Amino acid sequence: MKTNFLSLLLPVLLYFGLNPCHAQITAAKCIDTERSALVAFKDGVQDPSGRLSSWVGDDCCSWKGVGCNNQTGHIVKLDVRNPFQFRTLDVYSLTESEVTEYSSLCLTGELSSSLVRLKYLNYLDLSLNNFEGVQIPDFLGSFKNLRYLNLSYASFSGLVPTVLGNLSNLQYLDLNGYSYNVSVASGLYIEDLEWVSKLSFLKHLDLDFIQIDSTDGAWLNAVNMMPYLLELHLHECQLSDMFVSLPFVNFTSLSVLDVSKNSFNSSIPTWLFNLTNLTKLDLSSNSFGGSFPIEFGDLTALEELNLELNVIGGHLPSSLGKLCKLKNLKLGGNNLSGEITQLMDSFNDCPSASLVSFSVNSNEFSGELPASLGNLRNLQYLDLAYNSFWGSIPSSFGNLSSLQVLYLHINKMNGSIPESFGQLSLLVDLNLMTNPWEGVITEIHLMNLSSLQTLMLTTNPGKSLVLNVSYDWVPPFRLKHIELKNCKVGPSFPMWLQVQSELDIAVLNNVGISDIIPEEWFSKLASQLVLLDLSKNYIKGKLPIELEFPKLDLLDLSSNGFEGLLPRWSTNVTQLYLHNNSFSGTLPESIGELMPRLRNLHASDNRLNGSIPSSICKLVDLQVLSLRNNDLHGELIDCWETMQSLWVVDVSNNNLSGSIPGSLGYLRSLGMLLLSKNNLVGEIPYSLKNCSALSTIDFGGNRLSGEIPSWLGVNVQSIFMLRLRSNLLSGQIPRQICNLRYLHFLDLARNKFSGVIPSCFDNLTALVYGNSSEQYYHRFQYRLAYFMEQTIVVTKGREYEFNRNIGLLNAIDLSENNLEGEIPDEITSLKALRVLNLSRNHLSGSIPEKIGNLRLLDTFDLSDNNLSGTIPQSLSSLTFVSHLDFSYNNLSGKIPTGNQLQTLNASAIYEGNPFVCGFPLQVKCPGEEIDNLEPPRTDDEKENDSMFPELYYSIGIGFVAGFCGVVSVFYVRNKKSAGAGQSTNSDSW
């Protein structure tokens, strides 16, 4: 959609050059029949802005947009192009007022066939109007004298009439099918391009955004019949057929060729290199492949070359250095590799460096940046992002005196930034993010960057990148966008940041600031700020209580030392992150009115008290409500039906009371419901059966009663984690639980469940195959950017907090209930299980013979039951087990030996089973000697065992290695005692 000088000049030449009589002083009178044709045209269209208001009187030759032959009086020109001046060609980037102004200047309606009376017309421009999806009329094909026809961006649709091929004198044809009227679908199409080949005098052809039906290179054959063609635009025409070679090339005068955004998937055609007059070539957004042709060096007239978004591979040839007129070189989004040193050095052979824009982003380039880049003194735009460049930025970059944009983000730049950077006085946009930078940045690096508006700089955690400027230094720039992460700016909040009063995006994440930020800084940014992220610092003090942020969309103040009341800011913020601070007081009572567009509210891990305000129910777009780890009290709000987008409710670890509201059942999108560690009572609501999207339920640590609801496993089947631990629930474990094929974590411990363990556990396919973690995280990966799930796991007498990779726990805990009967053999099918705790029940019978099938078990506890019989030899197959407890049963016989069993503390494992014997106990079985028995390991040695060794191994090779990174496991506290009145190991697995 870009236009070069030739495109602008050609219409002028066509009109003035082809009408010599136009320059004469005397003018002939307007022809009545032609004037009446114009009047009929005017009457057939709507003209809200009055652009045709001059079309009155007898002298139609003086009407605006009308041109006549001064000798004959015949109308030869009709130009009713919309005069709106576009700031951008992207309709979706236009402001509302721009769209309104453009629309008001559009002529709308249908074209009157009366125009056919303008038989001498040689120039017709109807572009940028809104003809509301009508078809291009056939009568346009009757203008035999027409040499210029522009119907572009005019909201025509349907089949392009083949009668346009009758316009044998046509030199300029623009049918660009893009529409700036978003309410009108662009639907122009061409069934057969053969008619175009009849336009043998054509110099300019633009068919952008028109679907062209072509097979076997028919479109190219038609183009090859136009020897005078200078410009050809075929952007986004759904073409896929391309001849790699042609027997002859008949359009060698071509200066501009644009076939971008089609579906070509061949190597780059060799016939292109016969077009030696090309000044602009755009092959971007296709699937051209193969190696980069060295023949591009033969197109010495090229000024613009765009090969972005293809699959071209190989190295860049030095022959490109022969393109001394090249101004724009765009090669991003390919598979190019190697270094760029040879190419940059080859440009030194040109008498002057003409390159203005150079983009190779998103390739596979590597190596250090060559110093010869600094010779491109006319360079304004340099994009090297998304590659594997390493080392330091060469000091020669200081010679790039014209540079305005530098993108070097997401590489492996592990060196330093030179002081010569301070010479780039025209630099506006600088992005150096996501590199492992090291070194020190001083005032010298920044002192002359007077044009700088965007500064984005991050390094990796653990790297040392320090912004070492004096506290009171005032820079020459006023930024609109600053993004600093993992580099050291603090401990103070320096003056060079305080004076940035024009910021609309400010990110200072983990930059070591431990100062108090002046309230005035927030106040002066309030009117324009769109995003503010000060997270992961040590910022202290209080926030201004009342401010208005009309444009703010994201506010992240998490993981700091802010204190005092939560801000009562009036804002359109959609994402609010205040967690991990020391805020106190209550949630704003009017939060629903202050922040009506809120989608994510994170205020967990603070010191908030009071009740949850009912105005939260006015947040109809709310998706995440996270208030865990505070001191909230009162009952849960009961107006959830208004928040139909909600998928996470986390109010765990507070002092909430009352029952679980039934209105939660209206939330059909609810995925996580986390209410643990409160004082909730009553039964689990039946209405939750409507929440079919539920994947995580954690009601542990309350005083809930009743039975496990029957809808679990029937109406709700996508459960990933079910945690009902430490309640007053009773009844039997329903067989419907076996329908939860995505279940990875089942914790029903410390309740009053009775009856037998269901024999259908082998239907829990996620624990049989371990195959649903990837599906689960893939389903919710976009959400994990906004919410980190958290749960408490009790094992080996300790509590562990997991906030990632919960799916890899693969645990079942049924301990401390009143379960009876035998352990079902089907439980040995759960081969992905890592934790199995059935302790403190009334289980009887023997341990299943095939228990060794659970080879990934890390924790296995059957203590305090009535189990009898011998311990199966297959137990020795548990090569990852680090915690084993069979104590206080009626087991007998020889203890299995081998593998991991010999490393565990035998006295703790088998205590209270007086009839077991053999290694490693100091009790021999009949016929055995005990002289060589190894003493059991000490408790201190046992403490050093990994909690879940196979868990970490799975992270290294499994799905989460690619998605979530390493597991975050935090030791909370050593829970030697579960509380008053409980036995020492009452909460252990």
Side-chain angles (χ1 to χ4, degrees), residues 599-600 602 604 622-626 628 640 643-652 660 664-676 684-700 708-725 734 736-748 763-793 801-813 830 832-835 958-960 963-964 967-968:
R599 293 202 306 263
N600 296 294
H602 295 251
S604 61
L622 196 65
Q623 297 177 5
V624 175
L625 176 63
S626 179
R628 68 177 177 234
W640 300 96
M643 295 177 281
Q644 289 300 306
S645 298
L646 203 60
W647 60 270
V648 170
V649 175
D650 186 355
V651 294
S652 55
I660 299 174
L664 282 166
Y666 287 101
L667 303 179
R668 297 184 182 276
S669 65
L670 190 63
M672 299 180 185
L673 183 55
L674 311 173
L675 309 178
S676 64
I684 298 173
Y686 181 75
S687 62
L688 291 181
K689 72 181 180 64
N690 298 319
C691 304
S692 57
L694 270 174
S695 64
T696 299
I697 295 177
D698 188 352
F699 296 165
I708 294 178
S710 59
W711 45 261
L712 268 174
V714 179
N715 303 83
V716 179
Q717 296 188 359
S718 299
I719 296 294
F720 185 83
M721 182 179 83
L722 177 60
R723 187 173 184 270
L724 304 177
R725 181 186 189 87
Q736 293 93 319
I737 276 187
C738 299
N739 297 331
L740 302 177
R741 57 194 182 98
Y742 297 110
L743 191 67
H744 278 256
F745 188 92
L746 176 64
D747 188 352
L748 306 179
N763 291 330
L764 300 175
T765 53
L767 293 175
V768 175
Y769 304 108
N771 62 350
S772 66
S773 296
E774 183 171 351
Q775 299 169 15
Y776 173 81
Y777 280 111
H778 178 73
R779 179 182 175 189
F780 292 106
Q781 61 183 335
Y782 76 98
R783 296 176 168 182
L784 292 176
Y786 304 106
F787 178 75
M788 184 179 292
E789 191 173 357
Q790 184 181 89
T791 193
I792 301 295
V793 177
E801 182 179 283
F802 281 77
N803 54 15
R804 283 196 187 274
N805 306 328
I806 293 174
L808 291 177
L809 290 176
N810 289 356
I812 292 180
D813 186 355
L830 308 181
L833 206 59
R834 303 177 192 278
V835 174
F959 161 76
V960 182
F963 176 66
C964 289
V967 70
S968 300

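Note that these values count all heavy atoms, side chains included, but never hydrogens, waters or copies made by symmetry. Source: prediction; values computed, not measured.
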What is the distance from atom [atom1] of [X] to atom [atom2] of [Y], rounded to the nearest 0.5 Å?
| X | Y | atom1 | atom2 | result |
| --- | --- | --- | --- | --- |
| N690 | L664 | CG | CG | 11.5 Å |
| D747 | I812 | CG | CD1 | 10.5 Å |
| L767 | T765 | CG | OG1 | 8.5 Å |
| N810 | H744 | CG | NE2 | 5.5 Å |

Compare all side-chain heavy atoms of [X] with those of [Y] and state whether any distance is below 4.5 angstrom.
| X | Y | value |
| --- | --- | --- |
| V651 | L674 | no |
| W647 | L667 | no |
| V624 | L622 | no |
| P709 | K689 | no |
| F699 | I684 | yes |
| L625 | W640 | yes |
| L724 | D698 | no |
| I719 | L694 | yes |

Minimum heavy-atom distance between [X] and [Y], given as atom pair plus value:
| X | Y | answer |
| --- | --- | --- |
| C691 | G665 | SG-CA, 3.8 Å |
| R668 | Q644 | N-OE1, 4.4 Å |
| S669 | S645 | OG-C, 3.5 Å |
| V714 | Q736 | CG2-CG, 3.6 Å |
| M721 | T696 | CE-CG2, 3.3 Å |
| L740 | Q717 | CD2-CA, 3.9 Å |

Please check if the side chain of [X] supplies one atom and the backbone of [Y] the other of a donor-acceptor pair under 3.5 Å.
| X | Y | result |
| --- | --- | --- |
| S652 | L675 | no |
| D650 | S626 | no |
| S687 | Y666 | no |

Stepwise side-chain contact (heavy atoms from CB on, under 4.5 Å) test for S695 and M672: CA-CA 6 Å; S695 64; M672 299 180 185; 4.2 Å; yes

Between F720 and F745, does a side-chain contact (heavy atoms from CB on, under 4.5 Å) hold up when you go through it step by step? CA-CA 7 Å; F720 185 83; F745 188 92; over 6 Å; no

Assess whether side-chain contact (heavy atoms from CB on, under 4.5 Å) is satisfied between L688 and V716, documenting all intermediate values. CA-CA 9 Å; L688 291 181; V716 179; over 6 Å; no

side-chain contact (heavy atoms from CB on, under 4.5 Å) between L722 and L712, intermediate numbers included: CA-CA 10 Å; L722 177 60; L712 268 174; 4.0 Å; yes

